[in-house]
Amino acid sequence: MDLSVNKNIVVIGGGTGSFTVLSGLKKYTSNLTAIVNMADDGGSTGQLRDELGVLPPGDVRQCLVALSSSPKLRDLFNYRFTGGSFEGHAFGNLFLTALEKMTGSFAEAVDIADEVLRVKGRVVPITLENVQLVMKKPGSQDIVGEYKIGNMAFKINEQRPILELSPRADINPDARQAIIDADFIVIAPGNLYGSLAPALLVDGVEDALLQTRAKVLYVCNLVTKPGQTDNFSVNDFAGEIERFMKGRRLDIVLYNTKAPEKRLLNKYQTDHEYLVRVDKDLLANSHFRAVGTSLISNKEVVHDEHDKISAGRSLIRHDSDILAKEIIKLID
């Protein structure tokens, strides 16, 4: 069955979640725009931001690699140096950093990398301003930094985190136009507070989402994060996405119904991470269309030992092929 589509699809997110969605969707269409979170400050990206004052290349690199039609160049851009002063850095991060320094424009750097990698679609930063994610802490000092916020434990049951960007950032005009012109918008899975929130909090995103005629689909996370999304259901994740989108509501939520193999499940439960709860009664009465199916990949996830922050990433992933097919069917 031919599932290819010609509609404009926009994927909003960053990092591994967007990589998974884009890797699958590019097999069915080239009308793809990846809009990428720009508050990343962990690992190689954080070091380059601190030392060279550049915009964060890491999530952009992952999206470029996902959409590349050249296997060897994909491997090159993901290659991490194993020693010397470049140890832990991904080549693609250094490439984008060098281009930004040379051209004076991160947007131009992304466009050049797009040509080099022969990208199927395009990659657009959500903002071109140098921003940090901030969690407001009434009565105490604010927490600053996406990596710190995305990986710390806070008392989620007392109050959902109050997040903002500092300084306030305006949406990249290219990202704004892509959202408005989209036929279908996919909000990728990912770290809810450390990756998705900072993409949606950029000034102008809410307005663009309200102007577009596109349907908005959210791909729900597979597992909870201890200290942040403990005991979350699909509805809880969807509710937080809508909180950050402000005036715009979700049209569709795609969620997983399959348990991973017992070995992985036991490992996660040891770390106090659990499959996201599915409350069918709540979903049946939601304003969005809830679509549940088996989305978990059976492939073993192998972390790069030279990636300083990879150990904190999920061992349970969405199957990019199955996920893409489900999204395309929903678009049709």
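Heavy atoms only: backbone and side chains are in, while hydrogens, waters and symmetry mates are out. Small disclaimer: the values here were computed from a predicted structure and weren't measured. We're numbering straight along the sequence, starting at 1.
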>> How close do Ala109 and Thr103 get, counting heavy atoms only, and between which atoms?
In response: N-OG1, 4.3 Å

>> Once side-chain hydrogen bond (donor to acceptor under 3.5 Å, both in side chains) is applied, do any residues pair with Asp142, and if so which ones, sequence neighbours excluded?
In response: Lys136

> Got a second to check how far Thr127's OG1 is from Leu201's CG, nearest 0.5 Å?
Replying inline: 12.0 Å

>> Among residues at least two apart in sequence or on other chains, which ones pass side-chain hydrogen bond (donor to acceptor under 3.5 Å, both in side chains) with Lys7?
In response: none

> About how many Å separate OH of Tyr255 and CG of Leu283, when rounded to the nearest 0.5 Å?
Replying inline: 5.0 Å

>> Tell me if a side-chain donor or acceptor on Ser166 pairs with a main-chain N or O of Gln132 at a distance below 3.5 Å.
In response: no

> Do Phe106 and Pro125 have side-chain heavy atoms sitting under 4.5 Å apart?
Replying inline: yes

>> Suppose we screen for ring pair (Phe, Tyr, Trp, His ring centres under 6.0 Å). Which residues come up paired with Phe237, at least two apart in sequence or across chains?
In response: Phe232

> Is there a donor-acceptor pair closer than 3.5 Å between any side-chain N or O of Ser297 and the backbone N or O of Asp319?
Replying inline: no

>> Out of the candidates Arg49, Arg80, Arg61, His89, only one should pair with Ser44 under the side-chain hydrogen bond (donor to acceptor under 3.5 Å, both in side chains) rule; please name it.
In response: His89

>> Within the structure provided, determine whether Lys215 and Ile185 are in side-chain contact (heavy-atom separation under 4.5 Å).
In response: no

>> Please evaluate residues Leu250 and Leu217 with respect to the criterion side chain to side chain contact (heavy atoms under 4.5 Å, CB included), reporting the C-alpha separation (whole Å), side-chain torsions for both, the decisive distance (0.1 Å), and the verdict.
In response: CA-CA 6 Å; Leu250 294 168; Leu217 177 149; over 6 Å; no

>> For Arg176, give me all partners under salt bridge (Lys or Arg N to Asp or Glu O under 4.0 Å), at least two apart in sequence or on another chain.
In response: Asp207

> Would one find more than 12 heavy atoms of other residues, nucleotides or ligands at under 6.0 Å from atom CZ of Arg289?
Replying inline: no

>> Using only atom types and a distance under 3.5 Å, with no angle test, would you say the side chain of Thr257 pairs donor to acceptor with the backbone of Thr293?
In response: yes

>> side chain to side chain contact (heavy atoms under 4.5 Å, CB included) for Ile12 and Val36? Distances and angles first, verdict last.
In response: CA-CA 6 Å; Ile12 301 176; Val36 190; over 6 Å; no

>> Checking Met135 against Glu164 for the side chain to side chain contact (heavy atoms under 4.5 Å, CB included) test, could you report, in this order, the C-alpha distance in whole Å, the side-chain angles of both residues, the deciding distance, and whether it holds?
In response: CA-CA 7 Å; Met135 184 168 76; Glu164 61 182 39; over 6 Å; no

> So do Thr224 and Asn231 actually touch side chain to side chain, heavy atoms under 4.5 Å?
Replying inline: no

>> Is it the case that the side chain of Asp41 and the backbone of Tyr147 share a donor-acceptor pair, with hydrogens and angles ignored and the cut-off at 3.5 Å?
In response: yes

> Is it true that a side-chain atom of Thr212 and a backbone atom of Ile179 form a donor plus acceptor pair closer than 3.5 Å?
Replying inline: yes

> Does the side chain of Thr82 reach to within under 4.5 Å of the side chain of Glu87, using non-hydrogen atoms?
Replying inline: no

> Do NZ/NE/NH1/NH2 and the carboxylate oxygens of Lys27 and Asp321 come within less than 4.0 Å?
Replying inline: yes

>> In the structure I gave you, are the side-chain heavy atoms of Leu22 and Cys63 within less than 4.5 Å of one another anywhere?
In response: yes

>> As an exercise, state the distance from CD1 of Ile331 to CD of Glu326, rounded to the nearest 0.5 Å.
In response: 11.5 Å

> If you measure from CG on Leu99 to CG on Leu94, what distance do you get to the nearest 0.5 Å?
Replying inline: 11.0 Å

>> Does Asp183 form a salt bridge (Lys or Arg N to Asp or Glu O under 4.0 Å) with Arg213? I'd like the steps, not just the answer.
In response: CA-CA 7 Å; Asp183 296 309; Arg213 293 184 176 182; over 6 Å; no

> What residues, two or more places apart in sequence or in another chain, satisfy salt bridge (Lys or Arg N to Asp or Glu O under 4.0 Å) together with Asp251?
Replying inline: Arg248

>> Once rounded to the nearest 0.5 Å, what's the spacing between atom CD1 of Ile241 and atom CG of Asn221?
In response: 8.0 Å

> Do His287 and Glu242 have side-chain N/O donor and acceptor atoms under 3.5 Å apart?
Replying inline: yes

> Are Ile162 and Leu200 grouped together when hydrophobic residues (ILVMFWY) are joined by side-chain heavy atoms under 4.5 angstrom apart?
Replying inline: no

>> Checking Glu146 against Asn191: is there a side-chain donor and acceptor pair closer than 3.5 Å?
In response: no

> Looking at side-chain heavy atoms only, is the closest gap between Phe154 and Pro161 below 4.5 Å?
Replying inline: yes

> Do you know which two heavy atoms are closest between Cys220 and Val253, and how far apart they sit?
Replying inline: CB-CG1, 4.4 Å

> Is it the case that more than 12 heavy atoms not belonging to Lys120 sit under 6.0 Å from its NZ atom?
Replying inline: yes

> Are the side chain of Asn130 and the backbone N or O of Leu55 linked by a donor-acceptor pair below 3.5 Å?
Replying inline: no

> According to a 4.5 Å side-chain heavy-atom criterion applied to Ile, Leu, Val, Met, Phe, Trp and Tyr, with indirect links allowed, do Leu192 and Phe288 form part of one hydrophobic cluster?
Replying inline: yes

>> Looking at Asp236 and Ser233, would you say the former's side chain and the latter's main chain have a donor-acceptor pair under 3.5 Å?
In response: yes

> Could Lys225 and Glu273 be called an ion pair, given the rule that one side-chain N must be under 4.0 Å from one carboxylate O?
Replying inline: no

> Shared ILVMFWY cluster between Val10 and Ile180, side chains joined below 4.5 angstrom?
Replying inline: no

>> Let me confirm one number: the NZ-CG distance from Lys329 to Leu254, rounded to the nearest 0.5 Å.
In response: 10.0 Å

> For atom CZ of Arg168, is the number of surrounding heavy atoms from other residues, nucleotides or ligands below 6.0 Å larger than 12?
Replying inline: no

>> Could you check whether any side-chain N or O of Asp181 sits under 3.5 Å from a backbone N or O of Ala178, counting only pairs where one atom can act as donor and the other as acceptor?
In response: no

>> I'd like to know if the side chain of Lys101 reaches the main chain of Leu52, judged simply by a donor and an acceptor atom lying under 3.5 Å from each other, with no hydrogens or angles considered.
In response: yes

>> Applying side chain to side chain contact (heavy atoms under 4.5 Å, CB included) to Ile126 and Val205, what does each step give before you reach the verdict?
In response: CA-CA 9 Å; Ile126 190 72; Val205 172; 3.8 Å; yes

> Of all residues at least two apart in sequence or in a different chain, which pass the salt bridge (Lys or Arg N to Asp or Glu O under 4.0 Å) check with Glu100?
Replying inline: none

>> Quick check: do Ile143 and Leu133 have side-chain heavy atoms less than 4.5 Å from each other?
In response: no

> Within a strict 4.5 Å, meaning less than it, do heavy atoms of the Leu323 and Val21 side chains meet?
Replying inline: yes

> Counting N and O atoms only, with roles assigned by atom type, does the side chain of Ser69 sit under 3.5 Å from a partner on the main chain of Arg118, one being a donor and the other an acceptor?
Replying inline: yes

> Can Leu73 be reached from Ile112 by stepping across I, L, V, M, F, W or Y side chains whose heavy atoms are under 4.5 Å apart?
Replying inline: yes

>> For residues Leu25 and Val291: do they belong to one hydrophobic cluster (side chain heavy atoms under 4.5 Å, members Ile, Leu, Val, Met, Phe, Trp, Tyr)?
In response: yes

> What's the shortest heavy-atom distance between Asp281 and Asn285, and which atoms?
Replying inline: O-ND2, 2.9 Å

> Would the number of heavy atoms belonging to other residues, nucleotides or ligands and lying under 6.0 Å from NZ of Lys137 be above 12?
Replying inline: no

>> For a quick check under 3.5 Å, do Ser286 and Asn235 share a side-chain donor-acceptor pair by atom type?
In response: yes

>> Over 60° means perpendicular and under 30° means parallel, so tell me whether Phe91 and Phe95 are parallel, tilted or perpendicular.
In response: tilted

> So, Thr33 and Arg122: side-chain donor and acceptor under 3.5 Å apart, yes or no?
Replying inline: yes

